[in-house]
Amino acid sequence: MRLRNIPGSREIVAASPSVVREPEKARGRFRELFGNGHPIYIEVGMGKGKFLTTLARQNPDLNYIGIERYTSVLLRALQKIKEDPPPNLLFLCMDAARIEEVFAEGEISRIYLNFSDPWPKDRHARRRLPSAEFLARYDRILEKDGRLEFKTDNRALFDFALEELPKAGWKAELVSYDLHADAELMRGNVATEYEERFASKGNPIYKYIIYR
Ligand code: SAM
């Protein structure tokens, strides 16, 4: 994601009722924040929020939380929902490396990773969101039968992500090397901003669904 500093984005994000400030204080109580007992699905590295905003409108009986590190990017998601913010959608502006400080054990029912930054240098492998280090964090916040779904157009990142699974004790329930060519998998697929861009160039989209 190309980063431009957008003046005022920090203040707008801080003032939005859709953004949880000091999310550590809500640890274990996110359902209370939503005011219902519905399952919570999160997207880590949400970007501009099209995927989660669409899902939140489609599924009012599920709660969604988008995690994005940069206020300048999160601002775009806030602009999308400005007129009619879905009550089942919240955002956190934070580094996902701290995810366990924010969610209690088993508090989350599903995790989405979409078009995560590839961090191509070996010395940055631990920063990749589908790395074994991150899978260990997800393991602790995801409920026992929960699933993690990952989509990318980056073959090297996808191969890396598959290699990380056994190290971290996860198993693949589904692996697709061409999501958009599979009519059954595409039923209900919500494209992200990056997915639209890369699929329209003809890039294959890779997807896995994993569990442990
Ligand atoms: N998921 C969106 C999509 O598919 O269109 C955005 C993809 S973009 C390549 C990756 C996003 O993840 C960026 O907005 C980046 O700031 C965010 N991100 C990367 N690492 C993160 C981390 N450790 N914590 C929070 N956000 C992160």
Side-chain angles (χ1 to χ4, degrees), residues 1-6 9-10 12-13 18-24 41-56 64-81 89-103 108 110-121 123-142 148-158 160-161 164 168 176 179-180 185-186 188-201 203-209:
M1 172 108 14
R2 210 158 69 87
L3 286 177
R4 260 183 312 131
N5 183 30
I6 299 180
S9 63
R10 193 160 4 155
I12 295 168
V13 165
S18 295
V19 178
V20 182
R21 276 157 294 280
E22 300 187 275
E24 300 80 0
Y41 289 15
I42 65 172
E43 183 182 7
V44 183
M46 172 195 65
K48 297 177 185 170
K50 175 176 176 279
F51 176 79
L52 227 49
T53 304
T54 307
L55 284 180
Y64 293 92
I65 298 177
I67 299 172
E68 170 52 50
R69 184 168 29 190
Y70 295 112
T71 55
S72 53
V73 181
L74 180 49
L75 180 67
R76 300 296 183 208
L78 293 176
Q79 287 166 342
K80 282 195 178 70
I81 61 164
L89 177 60
L90 291 171
F91 300 121
L92 310 182
C93 193
M94 58 174 272
D95 182 346
R98 297 197 299 108
I99 206 162
E100 290 168 85
E101 296 165 32
V102 167
F103 297 116
I108 300 305
R110 187 164 292 240
I111 298 174
Y112 296 107
L113 307 178
N114 291 316
F115 297 81
S116 307
D117 295 328
W119 293 106
K121 294 192 174 118
R123 70 173 189 277
H124 292 148
R126 292 160 64 95
R127 297 185 192 176
R128 297 174 193 152
L129 294 180
S131 66
E133 284 78 7
F134 269 96
L135 289 177
R137 296 177 178 124
Y138 306 142
D139 180 35
R140 291 188 277 270
I141 64 165
L142 187 66
L148 184 153
E149 301 194 12
F150 172 49
K151 291 193 279 190
T152 183
D153 73 317
N154 186 311
R155 181 61 191 261
L157 182 64
F158 193 61
F160 166 84
E164 294 291 273
S176 170
L179 169 66
H180 285 225
L185 291 183
M186 282 301 279
N189 181 63
V190 173
T192 77
E193 277 94 351
Y194 271 66
E195 184 171 351
E196 280 177 347
R197 194 191 307 168
F198 293 124
S200 71
K201 287 186 188 168
N203 296 11
I205 305 299
Y206 312 111
K207 174 173 180 168
Y208 73 37
I209 301 177

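Starting from 1, each residue takes its place in the sequence as its number. These numbers were taken from a predicted model, which means no experiment stands behind them. One-based numbering, in listed order, for ligands and for the atoms of each.
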- Query: Thinking salt bridges, do Glu100 and Arg140 make one under a 4.0 Å N-O criterion?
  - Reply: yes
Q: State plainly whether the residues Lys80 and Glu193 are in salt-bridge range, i.e. N to O under 4.0 Å.
A: yes
With heavy atoms and a 4.0 Å threshold, my read on which part of Met46 contacts ligand 1 is backbone
Logged contact type for Tyr70 with ligand 1, heavy-atom cut-off 4.0 Å, is side chain
ask   = Where does the angle between the aromatic ring planes of Phe115 and Phe198 fall among parallel (under 30°), tilted (30 to 60°) and perpendicular (over 60°)?
value = parallel
**Q.** Whether Tyr112 and Phe51 hold their rings parallel, tilted or perpendicular, with breakpoints at 30° and 60°
**A.** perpendicular
Problem - Minimum side-chain heavy-atom gap Asn154-Phe160 below 4.5 Å - result: no
### Message
For a 4.5 angstrom cut-off between non-hydrogen side-chain atoms, does Ile42 reach Ile99?
### Response
yes
message: Can a donor-acceptor pair be found, under 3.5 Å and without considering hydrogens, that links the side chain of Ser200 to the backbone of Glu196?
response: yes
- Within the side chain of Glu68, is there an N or O that forms a donor-acceptor pair under 3.5 Å with the backbone of Tyr70? yes
Heavy-atom contact under 4.0 Å between [X] and ligand 1?
{"X": "Met94", "value": "yes"}
{"X": "Glu68", "value": "yes"}
{"X": "Glu43", "value": "yes"}

In ligand 1, which numbered atoms sit nearer than 4.0 Å to a non-hydrogen atom of [X]?
{"X": "Gly47", "answer": "6 (C), 14 (O)"}
{"X": "Phe115", "answer": "4 (O), 7 (C), 8 (S), 9 (C), 10 (C)"}
{"X": "Thr192", "answer": "3 (C), 4 (O), 5 (O)"}
{"X": "Asp95", "answer": "22 (C), 23 (N), 24 (N)"}
{"X": "Glu193", "answer": "5 (O)"}
{"X": "Asn114", "answer": "1 (N), 2 (C), 4 (O), 7 (C)"}

| Val73 N/O to ligand 1 N/O under 3.5 Å | no
Subject >> Test of proximity, Glu195 against ligand 1: N or O pairs below 3.5 Å >> reply: no
Nearest non-hydrogen contact to atom 22 (C) of ligand 1 from the set Ser72, Ala96, Ala191 belongs to Ala96
Closest heavy-atom approach to atom 12 (O) of ligand 1 among Pro118, Ala77, Gly45 is made by Gly45
Requested in this report: Tell me whether the guanidinium CZ or amine NZ of Arg128 lies under 6.0 angstrom from the six-membered ring centre of Phe134 and within 45° of its axis.
Outcome: no
Side chain to side chain donor-acceptor pair (under 3.5 Å) test vs Asn114 passes for just one of Lys151, Lys50, Lys207, Glu43, namely Glu43
